[in-house]
Amino acid sequence: MDKDNPDFGSEKAATLMALREVSRIHDGGAIAALRNIDLEIKAGDCVAIVGASGSGKSSLVNLMCGIDYPSTGSVHWKGQKVRRQAEWARLRRTSIGIVFQEFNLIPTLTAVENVELALFGRGLSSSRRLARASILLDRVGLEPRMHSRVTTLSGGERQRVAIARALANEPTLLLADEPTGSLDSANATLVAELLFKLRENPKMTIVLVTHNEALAARCPRLLRIKDGSIAADVDNTRAASLIAGGSTA
């Protein structure tokens with residue numbers, strides 16, 4: 001088994017990512033952002049992580065993509081511990097896509113150039129990068145604006161660019177941290193529909209961090225975070241199915 005390959009392990013493994021007794025401590029122990037988290041994310045899961053501001057939601061997702069590191073405990077990808085920064089970098093390049101609340105786009109570049117950036121280092125020609133980025137922007141309804149600088153786009157359009165960028169390398173895990181938090185209601189609805197449409201791909205695993213209870217209710221699994229700990233891990237399948245079917249029951 002090639003442990004330097006970010007996708008080492010069985011493609012059919014039941015658990016895609018696991019956190020084992022993970023804590024994140026700041027200021028020499030004065031602040032515990034996360035406390036003894038044990039969590040498994042299954043391949044194909046659609047999980048909502050909810051909690052009050054400061055509960056540890058963003059800290060948790062940052063550990064799940066290697067932006068931050070545990071003070072204690074370990075994070076595992078397909079059964080193998082991720083130890084090095086280089087391993088996380090490869091995972092973000094090939095297997096993990098991230099959508100941030102504040103978009104994190106490069107303002108001097110166009111929409112298509114922002115998406116193309118995610119494809120560098122993949123050995124693709126410039127024409128193939130452009131073609132791939134164009135297809136993704138068309139998928140999120142932004143083909144007419146793909147050559148516009150992102151500073152000229154609305155908040156909803158920028159978030160759609162961010163989603164296209166996150167999907168550039170066909171990730172198996174998509175982490176979305178408050179993806180509708182900065183948007184008005186109309187754009188928030190549009191972005192939410194784009195995200196849930198991704199569930200049509202059976203290989204896609206989605207972890208959605210949100211304070212929006214209505215958005216969380218659409219996910220078949222619901223995690224509640226309180227004071228840095230998992231307060232509840234709920235099978236929300238029935239409620240999500242009713243919402244998807246248009247039922248008000």
Please confirm whether the backbone N or O of [Y] pairs with a side-chain atom of [X], one donor and one acceptor, at under 3.5 Å?
{"X": "N36", "Y": "S229", "result": "no"}
{"X": "T180", "Y": "L183", "result": "no"}
{"X": "N169", "Y": "P171", "result": "no"}
{"X": "K57", "Y": "A52", "result": "yes"}
{"X": "D138", "Y": "E143", "result": "no"}
{"X": "R129", "Y": "L124", "result": "yes"}

Rounded at 0.5 Å granularity, tell me how far [atom1] in [X] sits from [atom2] in [Y].
{"X": "L175", "Y": "D177", "atom1": "CG", "atom2": "CG", "answer": "8.5 Å"}
{"X": "E116", "Y": "R165", "atom1": "CD", "atom2": "CZ", "answer": "13.5 Å"}
{"X": "M204", "Y": "L195", "atom1": "CE", "atom2": "CG", "answer": "9.5 Å"}
{"X": "T110", "Y": "M146", "atom1": "OG1", "atom2": "CE", "answer": "8.5 Å"}
{"X": "E178", "Y": "E102", "atom1": "CD", "atom2": "CD", "answer": "10.0 Å"}
{"X": "T151", "Y": "L109", "atom1": "OG1", "atom2": "CG", "answer": "10.0 Å"}

Apply the side chain to side chain contact (heavy atoms under 4.5 Å, CB included) test between L173 and each candidate in D45, V207, L91, I206; give the one that qualifies.
->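 The residue from D45, V207, L91, I206 that satisfies side chain to side chain contact (heavy atoms under 4.5 Å, CB included) with L173 turns out to be V207.
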
Do the non-hydrogen side-chain atoms of [X] and [Y] ever get within less than 4.5 Å of each other?
{"X": "L190", "Y": "R160", "answer": "yes"}
{"X": "V75", "Y": "M64", "answer": "no"}
{"X": "L19", "Y": "L34", "answer": "no"}
{"X": "I230", "Y": "I225", "answer": "yes"}
{"X": "V61", "Y": "I49", "answer": "no"}
{"X": "D38", "Y": "E21", "answer": "yes"}
{"X": "I67", "Y": "F100", "answer": "yes"}
{"X": "S59", "Y": "D68", "answer": "no"}

Residue R20 excluded, over 12 heavy atoms near CZ under 6.0 Å |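 Above 12, so yes.
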
Is the number of heavy atoms from other residues, nucleotides or ligands under 6.0 Å of R128 CZ greater than 12?
->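 Counting neighbours around CZ of R128, 12 or fewer heavy atoms of other residues, nucleotides or ligands fall under 6.0 Å, so no.
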
Following the transitive rule for hydrophobic clusters with a side-chain heavy-atom cut-off under 4.5 Å over Ile, Leu, Val, Met, Phe, Trp and Tyr, establish whether [X] and [Y] coincide in one cluster.
{"X": "V191", "Y": "L142", "result": "yes"}
{"X": "I135", "Y": "L194", "result": "no"}
{"X": "L174", "Y": "L16", "result": "no"}
{"X": "V47", "Y": "L215", "result": "no"}
{"X": "M17", "Y": "V99", "result": "no"}

Taking all non-hydrogen atoms of both residues into account, name the closest pair between [X] and [Y] and its distance.
{"X": "S95", "Y": "W77", "answer": "CB-CZ2, 3.7 Å"}
{"X": "G141", "Y": "P144", "answer": "O-CD, 4.2 Å"}
{"X": "Q101", "Y": "Q159", "answer": "O-NE2, 3.8 Å"}
{"X": "C219", "Y": "L208", "answer": "SG-CD2, 4.0 Å"}
{"X": "L119", "Y": "A168", "answer": "CD2-O, 3.6 Å"}
{"X": "S148", "Y": "L153", "answer": "CB-CD2, 4.0 Å"}

Any side-chain donor near an acceptor of the partner, T237 and D235, under 3.5 Å = yes

Show the numbers, then the answer: is there a side chain to side chain contact (heavy atoms under 4.5 Å, CB included) between Y69 and V82?
-> CA-CA 10 Å; Y69 299 92; V82 187; over 6 Å; no

Run the side chain to side chain contact (heavy atoms under 4.5 Å, CB included) check on R84 and R90 step by step: do they pass?
-> CA-CA 10 Å; R84 302 192 302 267; R90 284 194 293 272; 4.0 Å; yes

Where do I37 and R24 land on the side chain to side chain contact (heavy atoms under 4.5 Å, CB included) test, with the steps shown first?
-> CA-CA 9 Å; I37 297 290; R24 185 66 178 100; over 6 Å; no

Do R221 and N236 pass the side chain to side chain contact (heavy atoms under 4.5 Å, CB included) test, and can you show the C-alpha distance, the side-chain angles, and the key distance before you say yes or no?
-> CA-CA 5 Å; R221 184 179 175 195; N236 199 43; 5.8 Å; no

What residues form a salt bridge (Lys or Arg N to Asp or Glu O under 4.0 Å) with R218, not counting sequence neighbours?
-> E193

In chain order, what residues pass the side chain to side chain donor-acceptor pair (under 3.5 Å) check against S53, with sequence neighbours excluded?
->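 So S53 forms no side chain to side chain donor-acceptor pair (under 3.5 Å) with any residue.
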
